Amino acid sequence: MGRVQKKNAKGRLDRYYFLAKEKGYRARSSFKILQINEKYGHFLEKSKVVVDLCAAPGSWCQVASKLCPVNSMIVGVDIVSMKPLPKCITFQSDITTEDCRSKLRGYLKTWKADTVMHDGAPNVGLNWIQDAYTQSQLVLQALRLAVEHLVPGGTFVTKVFRSKDYNNLIWVFKQLFDKVEATKPPASRNVSAEIFVVCKGFKAPQKLDPRFLDPKEVFEELPEGPVNNESKVYNPEIKKRRRQGYEEDDWTQFHPMNILEWVHQEEEVINTLGTVSKLEIDEKSAEWTILKKMKQTTIEFYECCKDLKVLGKKDFRMLIRWRKHAREELGLLDKKDMEKPAVEMEELTEDQKIDKELAELKEKEKLNTRRTKRRKNEQKQKEMQRLQMNMLTDMQIGMEAAENGVESLFSLKLAENTGQLKDLAKGKKSFIFNNNDKGADKDENNTKVLEFDSKEEEIDTLEDQLSTMYDQYKDDKMERDARLRASTARGDEEDEPWEGMKEAKTESSEGEFESDEDDETDSDDDEAINKLIESIREHKKKGQLGSKASNFFSDSIFQDIDLNVAPADGKKQNQHDELHLPKKIIDKKDRKKGSEATKKDETFEDDDSEESEDNEDNKGGFQTVPNSYHEKFNEDEMDYETDSDDEKSREHHKAEIDISSVEAMTLAHDLAIGKKSKSDIVSEGYNKYSFRDKDGLPDWFLEDEGKHNKINRPITKEAVTAMKEKMKLLNARPIKKVLEAKGRKRMRAARRLRQIKRKSESILEDGTKTESDKASEIQRVMKKMTKKQDKPNVTMVVARGQNRGLQGRPHGIRGKYKMVDGVMKHEMRAQKRIEKKNRKHKH
Ligand SMILES: C[S@@+](CC[C@H](N)C(=O)[O-])C[C@H]1O[C@@H](n2cnc3c(N)ncnc32)[C@H](O)[C@@H]1O
């Protein structure tokens, strides 16, 4: 039993009191209904109409308004006046009167309540008899109102007190509800005799026997019979119908008894506990000084003695055990105990001992298997949760490995069992443990041990495993992450800032650069270029090019290239046969023949010059063809006429270029002001990361390295400012809502126009009217349809005094109205006054 609270002023200031203050509830009893609601299936959350009987000061109403669905109707009534509550209707009335019934009916109208709550307690106090009687009456009245207003299946929560009428009331509740349960929420003080009864599933009988709600019938006295108080101790909630009323000359319900008297008592010991309210302790008595020292005389024992009415079975057992020890201490052993012959334990035979041990072992084994099963289940559950919550990160790799192996990929326990732990400790990793290898030997733990002949083989296998796991991890990640899927499909470099000219990933391109440097034949160059284009096309087909690269290669000149891979033997063919350049460009080239002003691409300057020397007509070599995209960056380097198509194409590129990072902006600035040239960018591409030896490195390693091994590009203040401006502009764009509203406005205007048209047409078709009539009618229609509709006048109403918190239309108000607080109305009036004054001054 927990600590018993004191029922004095200080005792009331318990944690619920402070909690209620903190949460803004008007009374600590709010927690009672909160706890009841929690325990009995959150019925408030499902209630659209709630009636709170005896609601003052209103904390239950507050809870209801918080938990019930939005726009629920909460009606509270109390005999005393209540401060208005937001979202609640409250009124003052005695729930036992006809006035209350009719008012309630008036508020609920045709609605039926899902929940009726009653926390009534008579206000008289001091007089126990009067209290108990009026309380039971109040409960019956509350039940009457509940029966009148509850929906079938509805819930009724009421407070009852431990009294003679308790069982009778419970019996009545059971006739009217499917499920009736008594509860004492933790927020209800132990010192209080209040109990809450939760009745669920209102049966809503067609006809109700009036005797159910008649106090005279319900609380009718039963013929006297023997009282079994003992049963009250061990089964306080016994469902027997006993209507005995109050005992003769017993007008109180509070019966204290001296504890020593009970200890000395020989008969009816347990029965006494059923009748007594409190066991009083006389601290001065000599016997108590002995009993006080017993280890059984605990703080809990003291607390239990204070109020026997609120004790449970466990507490009564503790009291009875304490009495036995007390009697032993005082030398008052029970006669029965004295008479009882001591039971001697017979020695077990050998067979019996073995049987017992066996049974114990079996039990242990059972427990063990149960425990392992439970652990496995728990692990599975965790795993499921991880999956559901998308918590699978790189850690997953290790987790999956743990699932594959006995315990993990590197099971030290297993190494210990096989005697290899020492070698491992020395750093000799010449073995791993794997469950999946079929050819491996099985050790006693049903685990296969793989021994490797050489270190290399071991490393290879490990790498294979890691690569497979990494692939699987990537697949899983792609499956889960749609964004990742999309970005992979677009190409991984999508969001990366400009990194300079990247080393081509394909073997062919790598070879190409090398062959360039080695100064090999032109045919080799051509072949390599063809391969490069081919590989680009393949990438494009697979959608593996980044958006910038896609933009670049989507230029029309690339579409027209007819790839014809040059023969590897190096035989030179006509350049036009090998690589068909777009006709447009060839024409331009032809037109340019003989012109000395041809400027060449800086990057391939040497090659081009060589070629021009070799072949004047540019027939023998590959010609770098300028396109509009290049022109944008280096217009003065290009020398060809621009026609309208080129203009369009240039515009198209301009529109598509989106500088999305400060680095890119810096680069763009540098290019624009001539601080950087194209060749600078190309040479920047050759950085310390460009020629890394990637041979044989696993994908996961390269990918991870790619994320971090990047050149730190300088950024300028101007670029940062430009980016900020760009973002500002982006932010300044109207939000979706505004755009939608504008769209709606336009739609309405179009609809009006259509209507005007339709009406005008019908007017025009009317043969009975003159032309002038028709014209004036059309004008009228147009005026009517385009007229701005005046906003309806809204009357501001301030509710003062008793009217505060009143629901519904205020008396004497017509048309649209709005409830406002006084301050707002005053302020608005003042504002209008000032405006009027200003207008006058201006005139
Ligand atoms: C314990 S309080 C209720 C507290 C309320 N549930 C809350 O949390 O704020 C008991 C209330 O019952 C009211 N009461 C007692 N007899 C009543 C009656 N006949 N009709 C209406 N209310 C009554 C008292 O006025 C008192 O406010």
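In listed order, ligands and their atoms are each counted from 1. Worth knowing before you read on, the calculation uses all heavy atoms, side chains too, and leaves out hydrogens, waters and symmetry mates. Since this is a predicted model, take the numbers as computed values, not measurements.
- Each of R189, K32, K184 was evaluated against E194; a single residue qualifies, K32, per the salt bridge (Lys or Arg N to Asp or Glu O under 4.0 Å) test.
- Those atoms of ligand 1 with a heavy atom of L138 less than 4.0 angstrom away are 16 (N), 18 (C), 19 (N).
- The side-chain heavy atoms of M73 and L108, taken from C-beta on, include a pair separated by under 4.5 Å.
- Using a 4.5 Å cut-off on side-chain heavy atoms (C-beta onward), K203 and L176 make no contact.
- Taking distance alone, with nitrogen or oxygen atoms compared against 3.5 Å, G58 approaches ligand 1 more closely than that limit.
- Close N/O approach between P57 and ligand 1 is found [any backbone or side-chain N/O within under 3.5 Å].
- Below 30°, between 30° and 60°, or above 60°: for F301 and W322 the angle between ring planes is below 30°, a parallel geometry.
- Counting only non-hydrogen atoms, the option in D94, D119, I33 that gets closest to atom 6 (N) of ligand 1 is D119.
- Polar contact check, V80 against ligand 1: no nitrogen or oxygen pair lies under 3.5 Å apart.
- Using bins of under 30°, 30° to 60° and over 60° for the plane-to-plane angle, the ring pair F156/F177 lands in the parallel bin.
- A salt bridge does not link R375 with E378: none of the charged nitrogens is closer than 4.0 Å to a carboxylate oxygen.
- The distance criterion of under 3.5 Å between nitrogen or oxygen atoms is not met by D52 with respect to ligand 1.
- For ligand 1, the atoms sitting less than 4.0 Å from at least one non-hydrogen atom of K159 are 1 (C), numbered in the order shown with element in parentheses.
- In summary, the atoms of ligand 1 found under 4.0 Å from a heavy atom of A55, numbered by their order in the structure, are 5 (C), 7 (C), 9 (O).
- In this comparison of A142, C54, S30, the heavy atom closest to atom 23 (C) of ligand 1 sits on C54.
- No N or O atom of T96 sits closer than 3.5 Å to an N or O atom of ligand 1.
- Residue contact check for ligand 1: S93 places a non-hydrogen atom closer than 4.0 Å to it.
- K48 has no carboxylate O lying under 4.0 Å from a charged side-chain N of D114, or vice versa, which leaves the two without a salt bridge.
- Here's the thing with A56: one of its N/O atoms is less than 3.5 angstrom from an N/O atom of ligand 1.
- Scanning all heavy atoms of the two residues, the minimum distance from S65 to I74 falls at CA-CD1, 3.3 Å.
- Only one option out of W60, F18, Y16 pairs with F31 in a ring pair (Phe, Tyr, Trp, His ring centres under 6.0 Å); it is Y16.
- The shortest N/O to N/O separation between I95 and ligand 1 falls below 3.5 Å.
- When the options G120, S59, S81 are ranked by their closest heavy atom to atom 9 (O) of ligand 1, first place goes to S59.
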